Colleague: 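This is the structure I have questions about; it appears just below.
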Amino acid sequence: KAGVTQTPRYLIKTRGQQVTLSCSPISGHRSVSWYQQTPGQGLQFLFEYFSETQRNKGNFPGRFSGRQFSNSRSEMNVSTLELGDSALYLCASSWGRGGPDTDTQYFGPGTRLTVL
Amino acid sequence: QKEVEQNSGPLSVPEGAIASLNCTYSDRGSQSFFWYRQYSGKSPELIMFIYSNGDKEDGRFTAQLNKASQYVSLLIRDSQPSDSATYLCAVYGNQFYFGTGTSLTVIP
């Protein structure tokens, strides 16, 4: 079974630009979560989508947004990029139906975003 | 107060020893508890999860959960240099909360 895939793997952008990251979950998984990982802050939760609806949201500004499509693929968008947005962005998928077996998250390889 | 607290380390153990990693959490309503391993430059990979009080063993790994004390631990027996990584504790209630991780180095 194929794992979680993320594209692109690396991105370099300049301040003020916007960026869209993509995540394809494991087949059958309906929940997709996004995280930002930086050396100082660790894994910070951005949001979770389940069946095309945002189910949970972390404490990030409105510049960070996401969506999920009917095939469970998800995109994350960051507008008006700032230097501090440089990070590894990780996507994780799960069945999302409740209980540890179905809530277990499996991570993709991540997208390394550098903002210059 | 952070939802999940881990000692950031670094923790160093000799090869063949037992490595003990600890985690505390603040939400008593948390239901599931996970340990992930993350190698430098890679994404987190699941080691195991636990949801009942007590011990759960999987090969060289044992997870221990004490809900009364809001404490989760991971023991790695017969530690190998390939176990050198950052270990992330995660707790799930209505969403996932991750600790900042404990860096483990196994010295040959």
Side-chain angles (χ1 to χ4, degrees), chain A residues 1 3-7 9-10 21 23-26 29 31-50 53-60 66 87-112 114, chain B residues 1-10 21 23-27 29-54 56 58 61 63-65 67 72 74 85-103:
Chain A
K1 184 188 272 191
V4 180
T5 59
Q6 292 186 245
T7 56
R9 295 292 310 279
Y10 302 92
L21 312 181
C23 171
S24 291
I26 292 171
H29 283 190
S31 169
V32 173
S33 297
W34 289 89
Y35 295 88
Q36 181 194 68
Q37 188 174 38
T38 57
Q41 298 295 317
L43 269 171
Q44 301 290 308
F45 173 71
L46 282 154
F47 28 66
E48 179 200 7
Y49 285 87
F50 179 80
T53 301
Q54 189 179 84
R55 188 157 71 171
N56 282 302
K57 187 177 188 304
N59 190 26
F60 276 80
L88 178 67
Y89 289 88
L90 290 160
C91 155
S93 79
S94 71
W95 294 101
R97 292 195 291 263
D101 289 330
T102 57
D103 291 330
T104 299
Q105 293 194 335
Y106 297 91
F107 284 85
T111 295
R112 175 76 61 184
T114 302
Chain B
Q1 181 188 5
K2 290 186 178 180
E3 297 284 344
V4 180
E5 302 258 15
Q6 292 182 257
N7 187 330
S8 61
L21 305 161
C23 170
T24 58
Y25 60 95
S26 60
D27 182 4
S30 300
Q31 302 153 7
S32 309
F33 308 85
F34 302 81
W35 283 100
Y36 287 83
R37 175 175 62 196
Q38 187 173 25
Y39 292 111
S40 180
K42 301 292 186 181
S43 61
E45 56 181 341
L46 179 72
I47 299 173
M48 63 193 303
F49 66 79
I50 186 168
Y51 56 90
S52 298
N53 276 327
K56 180 181 180 182
D58 185 358
F61 299 94
Q64 299 174 317
L65 173 61
K67 290 186 178 180
V72 192
L74 180 71
T86 296
Y87 289 79
L88 301 171
C89 171
V91 173
Y92 183 80
N94 61 348
Q95 73 176 61
F96 265 85
Y97 293 97
F98 282 82
T100 53
T102 298
S103 175

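Proteins come first, then strands; the chains are lettered A, B, ... in the order of their sequence lines, and each starts at number 1. Note that the structure is predicted; figures quoted are calculated from it, not measured.
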Colleague: Please look at Y36(B) and chain A and tell me whether the side chain, the backbone, both or neither of the residue comes under 4.5 angstrom of a heavy atom of that chain.
Modeller: side chain
Colleague: Which one wins on heavy-atom pair count under 4.5 Å against chain B: Q105(A), R55(A), Q37(A)?
Modeller: Q105(A)
Colleague: The test is side-chain contact (heavy atoms from CB on, under 4.5 Å); show your working for E48(A) and F96(B) and say whether it passes.
Modeller: CA-CA 10 Å; E48(A) 179 200 7; F96(B) 265 85; over 6 Å; no
Colleague: Stepwise, does the ring-ring contact (aromatic ring centres under 6.0 Å, His included) test hold for F34(B) with F107(A)?
Modeller: CA-CA 13 Å; F34(B) 302 81; F107(A) 284 85; over 10 Å; no
Colleague: With sequence neighbours left out, write down each residue that passes ring pair (Phe, Tyr, Trp, His ring centres under 6.0 Å) with F45(A), or none if nothing qualifies.
Modeller: Y35(A)
Colleague: Given heavy-atom pairs under 4.5 angstrom as the criterion, report whether the side chain, backbone, both or neither of Q38(B) touches chain A.
Modeller: side chain
Colleague: For Q44(A), is it the side chain, the backbone, both or neither that has a heavy atom under 4.5 Å from a heavy atom of chain B?
Modeller: neither
Colleague: Would you say the side chain of P44(B) lies within less than 4.5 Å of the side chain of L43(A), judging by non-hydrogen atoms?
Modeller: yes
Colleague: Do other residues, nucleotides or ligands put more than 12 heavy atoms under 6.0 Å from the NZ atom of K42(B)?
Modeller: no
